[in-house]
Amino acid sequence: MKSSNARLLFTLGLVLLFPFTAGSQPDSTIVLVDAAMCEDIQSGAPQNPTTVFSIERRTAVCFTAFDPVPQQTVIYHQWFHRDTPSARIKLTLKPPRWSSYSSIQLRVEDIGPWRVEITDSQGNIYHVLRFSVTE
Amino acid sequence: MDNLLFLISSLRWQDIVDIALVSYILLRFYVLFRGTNAFRVLVGILILWFFQQVAVSMGLIVTSWVIQGVVALGAFIIIVIFRNEIRNVLLARNLRSIFWDFSSKTVISAIETIVQSVHEMSQQKCGALLVFPGKEDLEEVVQAGVPWNGALSREMILSIFWPDNPVHDGAAVIQGNQINQVGAILPLSRRDDLPSYYGTRHRAALGLAETTDALVIAVSEERGDVVVARDSQLKIVKQKRRLEQILQEHMGVAVKKGRESRREKLAFIAAALVSVVFTTGVWFSVSRGVDTLVTLQVPLEYTKRDLAMEIVSTSVNTVNLELEGSGALVKSIRPDQVQVRLDLSKSKAGPNTFSITPKSISLPPGIVLKGVKPSVVEVELDVLIKKELPVQIDWVGHLPDHFILEEASVEPERVEIIGGKRMLEKMQTLYTEKVPLDNLEVEGILTANVALNPASLKIAPGSEERVTIRYVTRLRNQ
């Protein structure tokens with residue numbers, strides 16, 4: 001598991017590194033070039049990338065950036081609290097490149113480990129981000 | 001009368017065997033220990049116990065307490081005070097005679113051997129000194145004996161007292177059909193009224209007879225006389241028949257004829273009857289006393305499970321058994337005597353339903369099963385598989401407000417575990433045990449165990465149970 005803070009460059013080869021996470025490979029015409037959990041988005045860029053969110057901060061944000069995006073398409077941010085699905089957020093990507101984010105409001109009952117799966121419309125996984133919600 | 005007939009008709013063959021065995025054991029105790037002081041004390045204690053029961057039923061509080069105390073000490077007193085007597089009884093007999101023999105054939109044949117040997121030594125004027133212990137222990141009186149522990153035989157006795165044998169001057173201690181020790185030194189009598197022709201051998205024989213209840217036979221080297229020392233008296237015995245009688249009387253094998261023999265037979269029959277009646281009474285009071293109902297909560301045990309499968313869940317972990325039996329039996333039930341076992345040999349992966357039948361339940365004898373709740377148990381089984389899963393840190397606690405945990409990695413990233421297929425198919429992530437944030441440095445390394453939840457999960461061989469966590473914190477941009 002790598003930090004959500006690090007700006008990760010994903011290539012087609014990255015998909016091959018995680019063949020076990022999906023039944024088939026995600027749409028390779030779009031490339032995920034950045035994915036991070038962060039506290040906020042300012043000017044289209046993630047602020048304070050972190051792997052731990054205190055419920056006092058109230059919000060957890062999942063940021064993703066794709067380049068290139070040859071044609072309009074959709075991706076999903078699927079939020080899991082432990083292994084239980086919590087939210088499935090549909091995001092539309094537009095050419096030629098696109099950054100998007102989703103967020104959840106943090107409550108006391110959200111304390112614990114989380115993950116966000118970034119998938120295409122078929123459920124194929126581009127990347128998984130892991131973080132914890134604490135007191 | 002009807003009740004009695006009902007009780008008798010309800011007896012199982014096991015109950016008959018039960019009563020017969022205990023009666024026989026009691027009878028064996030009587031046969032082995034009859035005539036001993038320990039037996040008399042035991043009878044006394046039984047009588048005391050009877051009076052204690054009477055005292056309890058009459059409400060005599062202090063009396064029943066006192067008798068109870070005495071009875072409680074009884075067994076201890078018998079073993080401590082009469083340990084030598086008990087040992088003598090057991091040592092003097094072989095295993096067969098302890099468990100089976102009612103006669104004293106061994107002793108009779110031993111007596112014949114002794115009489116024959118003594119007669120031969122008398123004829124040959126071969127000096128001899130033979131000691132036959134009574135009920136008292138001779139350990140502190142007889143000294144310097146050489147342990148022998150050999151079977152009694154005519155040849156052995158003759159060779160022990162053969163003049164060239166180094167131990168021929170000492171005494172041979174004979175018990176039952178065994179020569180226990182030879183060359184033993186006996187205490188000398190200090191009496192001054194003994195005839196002058198009695199030498200040291202006779203003084204030794206009398207000395208032991210004066211201090212103990214042992215019988216001693218001395219064979220004179222000069223005249224060939226056979227002298228028996230017993231109860232501070234020396235008596236010359238000229239006839240083999242008389243010597244045999246003396247030995248029989250001493251060893252409790254007195255030849256009983258006519259009335260005496262009949263009396264002994266009657267005593268034996270009475271003892272047998274008392275054993276049977278006593279055992280039957282105890283048996284009925286224990287197993288057919290006032291019926292008591294009890295409900296026990298018993299854990300379920302599973303047997304014959306396919307090793308390739310594991311139990312995932314059960315509808316219950318314990319069942320309530322409604323049991324009935326006499327108060328004494330119900331009170332004496334131990335947890336390990338009551339078991340409920342379900343046979344999983346025919347189970348399959350997935351949910352299984354089992355009925356708890358009397359065959360699944362083992363109970364102590366005399367306890368009857370009246371009901372089971374619940375009578376049906378759902379058991380879910382799963383096939384064991386291996387699965388490799390990513391490990392995620394389960395952070396807890398609180399970082400200082402101006403810090404964020406910028407980066408954290410786990411090594412190894414994935415761990416292989418073994419568990420039920422249906423369970424592992426749903427699992428996507430393994431978590432570490434709780435890792436506190438409160439004491440983190442700017443950056444550092446921690447270790448944590450992988451939390452296995454549920455506990456039936458196991459780390460696969462070759463996989464790490466403990467992972468290394470590397471982390472970096474930094475100041476938050478405001």
Side-chain angles (χ1 to χ4, degrees), chain A residues 1-8 17-22 36-43 45-61 78-86 106 108 110-117 119 123 125 127-135, chain B residues 386-416 419 423-440 443 446 448 450-451 453-454 457 467-478:
Chain A
M1 185 175 73
K2 291 298 286 181
S3 161
S4 61
N5 184 37
R7 295 301 178 92
L8 304 172
L17 285 174
F18 298 94
F20 43 82
T21 55
M37 293 304 303
C38 59
E39 293 182 343
D40 199 4
I41 304 290
Q42 286 182 7
S43 308
Q47 295 297 304
N48 292 327
T50 180
T51 58
V52 172
F53 294 86
S54 167
I55 53 171
E56 291 170 2
R57 308 301 300 184
R58 296 187 178 174
T59 308
V61 180
Q78 297 194 58
W79 296 69
F80 293 85
H81 184 199
R82 293 194 177 269
D83 280 339
T84 307
S86 178
L106 302 180
V108 174
D110 294 329
I111 289 173
W114 283 74
R115 74 173 189 275
V116 181
E117 290 180 358
T119 69
I125 297 172
H127 188 53
V128 179
L129 293 166
R130 299 180 188 277
F131 65 96
S132 286
V133 176
T134 64
E135 292 171 352
Chain B
K386 286 182 182 177
K387 186 174 183 181
E388 196 180 63
L389 290 169
V391 181
Q392 181 171 345
I393 308 162
D394 188 2
W395 295 106
V396 291
H398 206 281
L399 272 177
D401 280 346
H402 51 289
F403 275 100
I404 58 171
L405 188 61
E406 185 184 47
E407 193 176 324
S409 65
V410 178
E411 179 64 33
E413 293 179 0
R414 304 177 73 83
V415 166
E416 192 174 41
M423 185 195 306
L424 287 190
E425 278 174 351
K426 294 176 195 163
M427 284 183 69
Q428 299 299 317
T429 315
L430 286 173
Y431 301 99
T432 64
E433 291 173 339
K434 308 280 186 200
V435 182
L437 289 163
D438 308 78
N439 300 319
L440 295 189
E443 61 179 84
L446 302 168
V450 174
N453 188 21
L457 293 176
V467 294
T468 304
I469 300 165
R470 289 184 170 79
Y471 66 90
V472 178
T473 63
R474 74 167 174 81
L475 285 171
R476 170 179 284 114
N477 295 328
Q478 296 301 322

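Below, chains carry the letters A, B, ... as their sequence lines are ordered, and counting in each starts from 1.
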Nearest heavy atoms of [X] and [Y], plus distance in Å:
X: His398(B); Y: Glu135(A); value: CD2-O, 2.9 Å
X: Arg115(A); Y: Thr429(B); value: NH1-OG1, 3.3 Å
X: Asp401(B); Y: Glu56(A); value: OD1-OE1, 3.9 Å

To the nearest 0.5 Å, tell me how far [X] [atom1] sits from [Y] [atom2].
X: Ser132(A); Y: Leu437(B); atom1: OG; atom2: CG; result: 7.5 Å
X: Glu406(B); Y: Asn48(A); atom1: CD; atom2: CG; result: 9.5 Å
X: Leu399(B); Y: Thr134(A); atom1: CG; atom2: OG1; result: 7.0 Å
X: Tyr431(B); Y: Asp83(A); atom1: OH; atom2: CG; result: 4.5 Å
X: Gln428(B); Y: Phe80(A); atom1: CD; atom2: CZ; result: 7.5 Å
X: Tyr471(B); Y: Thr51(A); atom1: OH; atom2: OG1; result: 12.0 Å

message = Would the distance check show the side chain of Gln392(B) and the main-chain N or O of Phe131(A) forming a donor-acceptor pair, the cut-off being under 3.5 Å?
response =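 Between the backbone of Phe131(A) and the side chain of Gln392(B) there is a qualifying donor-acceptor contact (under 3.5 Å).
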ask   = Among Thr473(B), Ile404(B), Leu405(B), which one satisfies side chain to side chain contact (heavy atoms under 4.5 Å, CB included) with Val52(A)?
value =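 Passing option: Leu405(B).
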ask   = Which atoms of Lys426(B) come close to chain A, meaning under 4.5 Å heavy atom to heavy atom: side chain ones, backbone ones, both, or neither?
value = backbone
inquiry  = Check this for me, if you would: do Asp394(B) and Arg82(A) make a salt bridge, where the nitrogen-to-carboxylate-oxygen distance has to be below 4.0 angstrom?
reply    = yes
query = Near Asn439(B) CG, under 6.0 Å, is it more than 12 heavy atoms from other residues, nucleotides or ligands?
reply =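 12 or below, so no.
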ask   = Between Glu407(B) and Pro49(A), is any pair of side-chain heavy atoms under 4.5 Å apart?
value =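 When only atoms from C-beta onward are counted, Pro49(A) and Glu407(B) do not touch, as no gap falls below 4.5 Å.
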